[in-house]
Protein chains: 2
Amino acid sequence: MTVQPFNPTPRTLMGPGPSDVHPQVLQALGKPTIGHLDPQFVAMMDEVKALTQYAFQTENPFTIVVSAPGSAGMETCFVNLVEPGDKVIVCRNGVFGERMRQNVVRVGGEAVMVDDAWGTPVSVEKVEAALKANPDAKFLAFVHAETSTGALSDAKALCALAQQHEVLSIVDAVTSLSGVELKVDEWGIDAIYSGSQKCLSCVPGLAPVSFSAKAVAKLEARQTPVPSWFLDQTLVMGYWSGTGKRSYHHTAPVNSLYAMHEALRLLKAEGLENAWARHRAMHEQLKSGLELLGLDFVVDEASRLPQLNAVYIPQGVDDAAVRSALLERFNLEIGAGLGDLAGKAWRIGLMGHAAREENVLLCLAALREVLNG
Amino acid sequence: MTVQPFNPTPRTLMGPGPSDVHPQVLQALGKPTIGHLDPQFVAMMDEVKALTQYAFQTENPFTIVVSAPGSAGMETCFVNLVEPGDKVIVCRNGVFGERMRQNVVRVGGEAVMVDDAWGTPVSVEKVEAALKANPDAKFLAFVHAETSTGALSDAKALCALAQQHEVLSIVDAVTSLSGVELKVDEWGIDAIYSGSQKCLSCVPGLAPVSFSAKAVAKLEARQTPVPSWFLDQTLVMGYWSGTGKRSYHHTAPVNSLYAMHEALRLLKAEGLENAWARHRAMHEQLKSGLELLGLDFVVDEASRLPQLNAVYIPQGVDDAAVRSALLERFNLEIGAGLGDLAGKAWRIGLMGHAAREENVLLCLAALREVLNG
């Protein structure tokens, strides 16, 4: 077998992630690899940390980028904070709430589920009732922006409830970070994780994570060792601490962190509020066009995510054939449905660098062509 | 705070990893990101799998690349295969044997330690005695090439013992893969992991892993769920299986896998045996020069790794000052000592693309200049 070099056809990425990567980010990615303990790299990491704090709107000293994808970011939160026997109220209104439950169970925690229908936000009332019914709960875990449905939940209200009932909040911000308003300190979020490949428009493979002082205190008070060595933040912090000598834990993904540095730098240059407004504006344009095509949204307008537009596939239309035609004819990727929505919906992403007017126009024109042509 | 774009100074990487990355690999890394379920990407992954099988010299269908660094590759093996109560004979002759023990303990296994001095290989006799004394042991775990000392252990003999005593072998090949002879099928290795950033000369952040049929059977017969969701290979295999529809588990690190494809492709083009011979030849040249400089090796000649040369720091020489001078004056990185050898030894890597004559010459000339200048 002789293997040829791989030359991917450039695509426009309007699925649920990875999203279009900015050319400057790809350029940063390909810069020469240097050592993970090189003073130049260590100085760059300090900037990555400060920029990640900006993106999360937090001053948490414990703010790092996990050397693995978003699902490892989720696991970082659960495996470090939840001890065997801890009760966790888990909100489930899509694929990722269920994944949170699996994380809780695997570390020996007890999951109390608050279920809402797919496509609807987490019910603040149900969560309040669950907190009242479970005074021994230690955590409230929910997904801010459900990537499987496109529903936005009220993280501010949910975290206020968590504080009132003295439980720690664990928030999935994989799809929300930098696409919609998110204020970690102001809202009192205790543990949060995201992914590099959604609205940050970086390459996939990294997970920004931040813990509040209360979360760090819970970690430090653990009675049992963290079950994962790789994700044990008591060890990782020796490398990310930024004070004095950095101790070796594992070899950082040097080049991916170059890309993260550039993606976060571009976000800072645009300004978070401007990024949120851009996602909203592009969504409004896309929405008008999708409605003209007769496509119905899965999620009600009030809790619809601008960066992830789930629409029902019209009756009689072949899901896979449409997606293949978009990819083959126009090099345009949109997402299939996931879980309960598999075969029933498409997920059209407007994430980060993909949230541009030319993408909206292309997507609408291509869909029109394929559906009506 | 305005953050400037990061422009790393190109370095020659002759530490314990990351190693010099081939320009073609960096070029592949920076190619446009496409979706992780794009048919083009899926076809490339099939090639990555076949090339990883070649590098490991195995036909194991269960051969994947974990979306995280080498230490997550280690954890993948322990967390999937070792169940609570399982007895594991763990060989410890450096930092990474101790890390294996921590992995065993964290998943609830029982570690029976076989200790050898730092800088010496794992004693085949001691392992045989441990296997005889522990007929209930289920695994033998050892490091093929100890990155902390530069000692090579006899993986062939150790795995033969494991087979004879009907225990599964778990082998750390982070530093050995493609630098010294390694034959997974011929030697009967049951679980093996490596890292992308050593002798494969790919960017850091990925971990090739392979399980034998016996290891897969042990995984499938588990009585308890795999404690890690992210590393649960019963879930990951749905994506890597290569047969029919790929199911979503997590978003693959698309660009890093482009780089891995190119690094493995270059290895295949050179040929494994040629790569082993090149590492050996470059080591012979470096060794002669280091001896002329009066530097003594930590490891006896018989079990010395060609790709990782640990030498004692001469008395009266300032460790950090020498490494800083090499980096600042010549852009040359060599490694500090780790663990017991911190402050006592340097680790000079000749890994992958770094194992070239110009690097050997530069390293010797620069050391001579800094030590005698």
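Every chain is numbered from 1 and lettered A, B, ... according to where its sequence line falls, protein lines coming before strand lines. FYI, side chains are in, hydrogens and waters are out, and symmetry mates aren't considered; it's all heavy atoms of this structure.
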So which of A/Val79, A/Leu51, A/Asp20 has the biggest tally of heavy-atom pairs under 4.5 Å with chain B? A/Leu51
A/Arg11 and B/Pro32, any side-chain heavy atoms less than 4.5 Å apart: no
What is the distance from atom CD of B/Glu333 to atom CD1 of A/Ile34, rounded to the nearest 0.5 Å? 8.0 Å
Taking every heavy atom of A/Phe6 against every heavy atom of B/Lys31, the minimum-distance pair comes out as O-NZ, 3.1 Å
Scanning both residues in full, the closest heavy-atom pair of B/His250 with A/Ser71 reads CB-OG, 3.2 Å
If we ignore hydrogens and angles and just use 3.5 Å, is the side chain of A/Gln40 paired with the main-chain N or O of B/Thr9 as donor and acceptor? yes
Are the side chain of B/Glu75 and the backbone N or O of A/Trp229 linked by a donor-acceptor pair below 3.5 Å? yes
Tell me, do B/Asp232 and A/Arg106 make a side-chain contact under 4.5 Å, heavy atoms counted? yes
Heavy-atom proximity to chain B below 4.5 Å, by part of A/Gln4: backbone
Which residue out of A/Ser19, A/Pro10, A/Gly35 racks up the most heavy-atom pairs below 4.5 Å with chain B? A/Gly35
Is the closest side-chain heavy-atom distance between A/Pro69 and B/Ser67 below 4.5 Å? yes
Mind checking whether B/Ser228 and A/Leu231 have side chains closer than 4.5 Å, heavy atoms only? no
Report, as yes or no, whether the 6.0 Å neighbourhood of atom CD on A/Glu270 holds more than 12 heavy atoms from other residues, nucleotides or ligands. yes
Counting only non-hydrogen atoms closer than 4.5 Å, does B/Val21 touch chain A with its backbone (N, CA, C, O), its side chain (CB onward), both, or neither? side chain
Please assess A/Ser256 against B/Ser256 for the test side-chain contact (heavy atoms from CB on, under 4.5 Å), listing each intermediate value before the final yes or no. CA-CA 8 Å; A/Ser256 294; B/Ser256 295; 3.8 Å; yes
What are the two closest heavy atoms between B/Pro253 and A/Gly205, and how far apart are they? CB-CA, 4.1 Å
Note, A/His261 side chain near B/Val3 side chain (heavy atom, < 4.5 Å): yes
So which part of A/Ala28 gets closer than 4.5 Å to some heavy atom of chain B, the side chain, the backbone, both or neither? neither
Looking only at A/Gln27, A/Lys268, A/Gln24, A/Met74, most heavy-atom pairs under 4.5 Å shared with chain B are made by A/Lys268
Tell me, for B/Arg323 versus chain A, whether the close heavy atoms (under 4.5 Å) come from the side chain, the backbone, both or neither. neither
Can you tell me which of A/Tyr54, A/Phe230, A/Tyr258 forms the most heavy-atom pairs within a distance under 4.5 Å of chain B? A/Phe230
Taking C-beta and beyond as the side chain, do B/Asp38 and A/Pro8 meet within less than 4.5 Å on heavy atoms? no
Quick one: what part of B/Leu29 sits under 4.5 Å from any heavy atom of chain A, side chain, backbone, both or neither? both
Rounded distance [0.5 Å steps], CZ in A/Arg265 versus OG1 in B/Thr2: 9.5 Å
Of the backbone (N, CA, C, O) and the side chain (C-beta and beyond), which part of B/Val226 lies under 4.5 Å from a heavy atom of chain A, both, or neither? both
A/Leu264 versus chain B, heavy atoms under 4.5 Å apart: side chain, backbone, both or neither? neither
Any side-chain heavy atom of A/Thr33 sitting closer than 4.5 Å to one from B/Leu26? yes
